[in-house]
Every structure is written in C-alpha cells, then in structure tokens.
Amino acid sequence: MPKRRHKEGNGYNPTNKSFLSKEIKLAKAPAASTFGNWGIGKIIKNPGRNLLVVTMDRHYEDPSELLNITDIGPWKVKCWLPTSQSTSVGIIGPFGEDTSNKDLTEALKVAGFKGAVAERIFKGKEKIKTLMFKVIFDSNSLPPYIKIGYQQYRVKTYIGKPWQCYKGQKFGHSAAFCRSAPRCVVCSGPHTSNECNKTTG
C-alpha cells in the first residue's frame, strides 16, 4: 500500500463477527487472497472494532485492486486506505473575518478542489478567530498553492495538536483505550486530573 518512510496499512472490516475468532483461518486467508499476491508485511488484529490492518511489504502507487477486494476466504469484507493516506491537511490565508467556512469551501470548488473542506482556525481557550483556514484535501498530497479569484495563496502543511490521553497522559491514544495507570496532569499523582484536590496555581 502507499507509504512514506514507513509501511502503511490497508484496513479491511469483516461483516461476520466470527472472523477474528478463527485464528488459523485468519492467518491463512489473507495470504491466499489477492493480498498475498501483492506481498503482506504484517497483519494486526483489532477485535474491538472487528478490524484487521494489513501492511504491505512494498510501495504501490495504485492500490485500487486491493481496495476492490470484497472476499477474504469465506468472509465478506470491505477494504479502505487509512485516512492519512487518502487525505492531506494544509493551511491557507489570510482571509477576512467575514469569510465563512462555507464561502471558502465553495471558492475552493470553483478553483478545482471539489472535495476540499475549509475550516477557520481559532486559537486559545477564548477561541479567538484567526485569519487562517485549515483545508482538508481529498488527496494524499498538498498543492503548492491555490488561486482564488485574482489572489494566489501558498499552501502550508497543517500540524495539529498531538493526540494525548487524559488518563495516563501519554500520546497516541485516547483515555477510552488507555491501559496505563492514572496520572494527574496537575500534580503527577496516581489519580485522574478531575480527582485532584490541588490547583494549578
């Protein structure tokens, strides 16, 4: 599947819940399918979402054959690329405070970016309006610039806030899937932050 410096995965979701419980068939079925012909690097199970993530052992520019797979052994499945491989997020601006998300999204469609969605960026807890917009493009690469009307805007890569767990305070997962012991962000004690009696002052 498409990848940058690391191997990216292709998710497929069996419609039959018994799929992930059959260990031996599970190990053999992808290798005997079209996935096996393309070269499987690794298979990761996610029983909570009834999902398998398949990483391929090489780079492919056009994975459409894999995305069109509907059967893995006796099971019906649906295949898709991870969001990070099918979209890209950039920043453009400045735009006046009277420009709405809808206005800019429509302007992007006129400019040839029909699947793009614009969202104004706010900062701080007070949600102060900025002159910049975050734009989600329906491709895995950003255009260098966008021409709207008679103005040309450079597209910069959007870097969002890291995904942090508010239970164990680690990054890359949410509290709902956290396996770490609670850790308070206020005092570093062995409890969640909402149970802390100390103040940040």
### Query
Does some side-chain heavy atom of Cys184 sit less than 4.5 Å from a side-chain heavy atom of Ser193?
yes
### Query
If we only count heavy atoms from C-beta on, is the Val117 to Val135 side-chain gap below 4.5 Å?
no
### Query
Ignoring hydrogens and geometry, is there a side-chain-to-backbone donor-acceptor pair from Arg120 to Thr99 under 3.5 Å?
yes
### Query
With hydrophobic residues grouped by side-chain heavy-atom distances under 4.5 Å, do Val155 and Leu108 end up in a single group?
yes
### Query
Crowded around Phe122 CZ? As in, over 12 foreign heavy atoms under 6.0 Å?
yes
### Summary
Closest non-hydrogen atoms of Pro143 and Phe113, given as atom of the first, atom of the second and distance, are CG-CE2, 3.8 Å
### Query
SG/Cys165 to CZ/Arg179 distance, rounded to the nearest 0.5 angstrom?
12.5 Å
### Beyond-backbone contact of Cys196 with His191, side-chain heavy atoms, under 4.5 angstrom
yes
### Query
Got a sec: does the NZ of Lys129 have more than 12 other heavy atoms crowding it under 6.0 Å?
yes
### Beyond-backbone contact of Arg154 with Pro144, side-chain heavy atoms, under 4.5 angstrom
no
### Task
Treat each ILVMFWY residue as a node, draw an edge where side-chain heavy atoms are under 4.5 Å apart, and state whether Leu142 and Leu104 are in one component.
yes
### Task
Please round to the nearest 0.5 Å and tell me the distance separating atom NZ of Lys167 and atom OG of Ser180.
7.5 Å
#### Entry: Neighbour count >12 (heavy atoms, 6.0 Å) for atom CD1, Ile128
yes
### Query
Would a 4.5 Å heavy-atom cut-off, applied to side chains only, mark Asn101 and Phe133 as touching?
yes
### Message
Quick one: does any side-chain atom of Ser88 pair with a main-chain N or O of Ser139 as donor and acceptor, under 3.5 Å?
### Response
yes
### Message
For Tyr145 and Tyr153, I'd like to know if the aromatic rings sit close, meaning centre-to-centre distance below 6.0 Å.
### Response
no
### Query
Same cluster for Val89 and Ile146 if Ile/Leu/Val/Met/Phe/Trp/Tyr side chains link at under 4.5 Å?
no
### Query
Same hydrophobic cluster for Ile136 and Met132, using side-chain heavy-atom links shorter than 4.5 Å among ILVMFWY?
yes
### Message
Keeping Gln152 on the side-chain end and Lys147 on the backbone end, is there a donor-acceptor pair under 3.5 Å?
### Response
no
### Summary
In short, Ile121 meets Lys134 closest at the heavy-atom pair CG1-N, 3.7 Å
### Message
Is there a side-chain contact between Thr130 and Phe95 in this structure, where contact means two heavy atoms from C-beta onward sitting under 4.5 Å apart?
### Response
no
### Task
State, to 0.1 Å, how close Asn194 and Thr192 come at their nearest heavy-atom pair, and which atoms those are.
OD1-OG1, 2.6 Å
